[in-house]
2 protein chains.
Amino acid sequence: MKLTPLIERFVLHCGEMGSRWGINRTIGQVYALLFLSPTALCAEEICERLGISRSNASVALRELESWRLIRREHRPNDRREFYRAPEDLWLIFRTMIEERHRREVEPTLSMLREALLTEPASAEEFYARERMAAMHELIEQATDWLEQIRLMPPARLRQLLRLGRRLLSLLDLAEKAGLLPQSPLEESDHVLA
Amino acid sequence: MKLTPLIERFVLHCGEMGSRWGINRTIGQVYALLFLSPTALCAEEICERLGISRSNASVALRELESWRLIRREHRPNDRREFYRAPEDLWLIFRTMIEERHRREVEPTLSMLREALLTEPASAEEFYARERMAAMHELIEQATDWLEQIRLMPPARLRQLLRLGRRLLSLLDLAEKAGLLPQSPLEESDHVLA
DNA sequence: CGCGATTTTCTGAAATCACGGAAAAGAATG
DNA sequence: CATTCTTTTCCGTGATTTCAGAAAATCGCG
């Protein structure tokens with residue numbers, strides 16, 4: 001690996017995290033390298049710096065593209081493709097959430113919806129169905145939230161993030177203004193809690 | 001697998017999702033089974049229902065315990081240990097987030113903090129350091145958020161979740177009330193965006 | 001077209017991981 | 001303290017995943 005110690009450390013760490021995340025080590029490393037790079041890099045350079053094979057880099061890059069975490073670039077008078085990680089950290093974060101949602105949450109919602117169509121055939125199934133219904137509801141709410149966040153202009157989003165420990169006071173404020181749903185707690189609490 | 005079709009389907013799906021999440025299929029299945037079960041189950045029963053070996057179940061159960069996703073129970077006059085998934089869905093969700101935070105975010109923060117102590121030795125490293133600093137800041141903000149959520153009473157949390165598309169209006173309200181940080185956008189935007 | 005440059009796909013080897021069976025350890029009971 | 005029931009650990013095997021190298025495909029350009 002031909003990297004400065006600072007960069008190498010970050011790259012190795014991301015590789016490690018990559019494996020815990022279901023994506024593999026190489027993909028994590030390639031992303032880390034691009035994330036730290038001020039310029040777009042070509043595949044060959046990525047291979048050299050990380051000490052991986054060309055083919056390995058190829059699949060990693062394709063995978064990262066499918067996650068929308070990197071984009072290709074072209075330079076005039078150069079056939080090679082260059083890859084770059086978008087800079088805006090918030091955007092990156094949001095993209096990751098969106099992609100995970102698409103790949104994991106949505107299929108789960110479908111499964112639940114279908115499952116909920118069937119009539120429970122026993123007490124055991126009845127309970128199971130209740131649980132799935134509760135899960136379905138929670139996920140849908142979370143999805144709504146996500147959608148709100150997706151639609152929010154970045155500046156606003158950063159405000160929201162920076163809100164930190166003022167969040168609680170904000171909620172108090174909201175309650176006083178009657179903005180919070182006046183908790184139909186009865187109906188949902190016996191399911192959720 | 002000795003399960004009703006409804007339950008089997010859910011279990012298989014969770015197993016599938018488990019493998020995408022870095023935890024393995026068996027663990028996902030065991031959790032799914034417990035999640036749907038109205039009563040605590042003993043290891044033996046889990047093995048039978050899922051058609052897995054005793055040892056396999058043992059490691060899965062231990063792993064789930066380390067994630068605080070299930071707890072052990074004892075019954076009088078019964079030596080066996082019984083396992084149960086907590087019911088409160090919100091609590092489950094929060095636990096997952098907390099554990100992932102502990103296992104993935106915190107080590108990353110440490111790494112970043114240490115890395116940020118070193119002086120950049122080149123233009124390349126200088127940029128890399130900037131990127132890490134920005135990442136560090138974002139993660140810290142997210143962590144603050146998480147902490148707010150952790151401290152929030154469950155009822156309040158559910159309100160917040162149910163807020164859905166009123167979130168934007170809430171933010172407007174907050175801005176008017178002067179609760180939002182008056183965006184020191186200049187300093188952070190050239191790094192983040 | 002055809003040629004060099006580049007990327008993608010294929011294939012087999014190596015590494016890792018998942019899992020079951022057996023042995024070991026631990027806990028309650030008489 | 002032995003017996004029995006239960007859980008845990010260890011280890012071998014089989015499956016899956018990762019990866020490099022080679023072959024194939026694609027692309028730009030004369």
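Below, chains carry the letters A, B, ... as their sequence lines are ordered, and counting in each starts from 1.
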* Asked: Between Ser66(A) and Arg103(A), is any side-chain donor less than 3.5 angstrom from a side-chain acceptor?
  -> yes

* To do: Taking atom CZ of Arg156(A) as the centre, report whether more than 12 heavy atoms of other residues, nucleotides or ligands fall under 6.0 Å from it.
  => yes

* Sugar-phosphate only, base, or nothing, as touched by Ile52(B) at under 4.0 Å among non-hydrogen atoms -> sugar-phosphate

* **Residues, nucleotides or ligands: over 12 heavy atoms within 6.0 Å of Phe93(B) CZ** => no

* **Pair Glu81(B) + Arg75(B), salt bridge at N-O below 4.0 Å** => no

* Report the end-to-end axis angle of the helix from dC1(C)-dG30(D) to dG30(C)-dC1(D); each axis comes from five terminal pairs, and the value is rounded to 10°. => 30°

* Residue list, ring pair (Phe, Tyr, Trp, His ring centres under 6.0 Å) with Phe82(A), at least two apart or on another chain -> none

* Asked: Is there a side-chain polar atom (N or O) of Ser58(B) under 4.0 Å from OP1 or OP2 of dT8(D)?
  -> yes

* Check: Ser55(A) side chain, dA20(D) base, donor-acceptor under 3.5 Å -> yes

* Asked: Does the base of dG21(D) carry an N or O that pairs as donor and acceptor with the side chain of Ser53(A) under 3.5 Å?
  -> no

* To do: Select base, sugar-phosphate, or nothing to describe what Glu81(B) touches, counting heavy atoms under 4.0 Å on all strands.
  => sugar-phosphate

* **Phe35(B) six-ring centre to Arg131(A) NZ/CZ under 6.0 Å and within 45° of normal** => yes

* Asked: How is Arg54(A) classified with respect to the nucleic acid when contacts are heavy atoms under 4.0 Å: base, sugar-phosphate, or nothing?
  -> base

* To do: Looking only at side-chain atoms of Arg79(B), point me to the closest of dT7(D), dT6(C), dT4(D).
  => dT4(D)

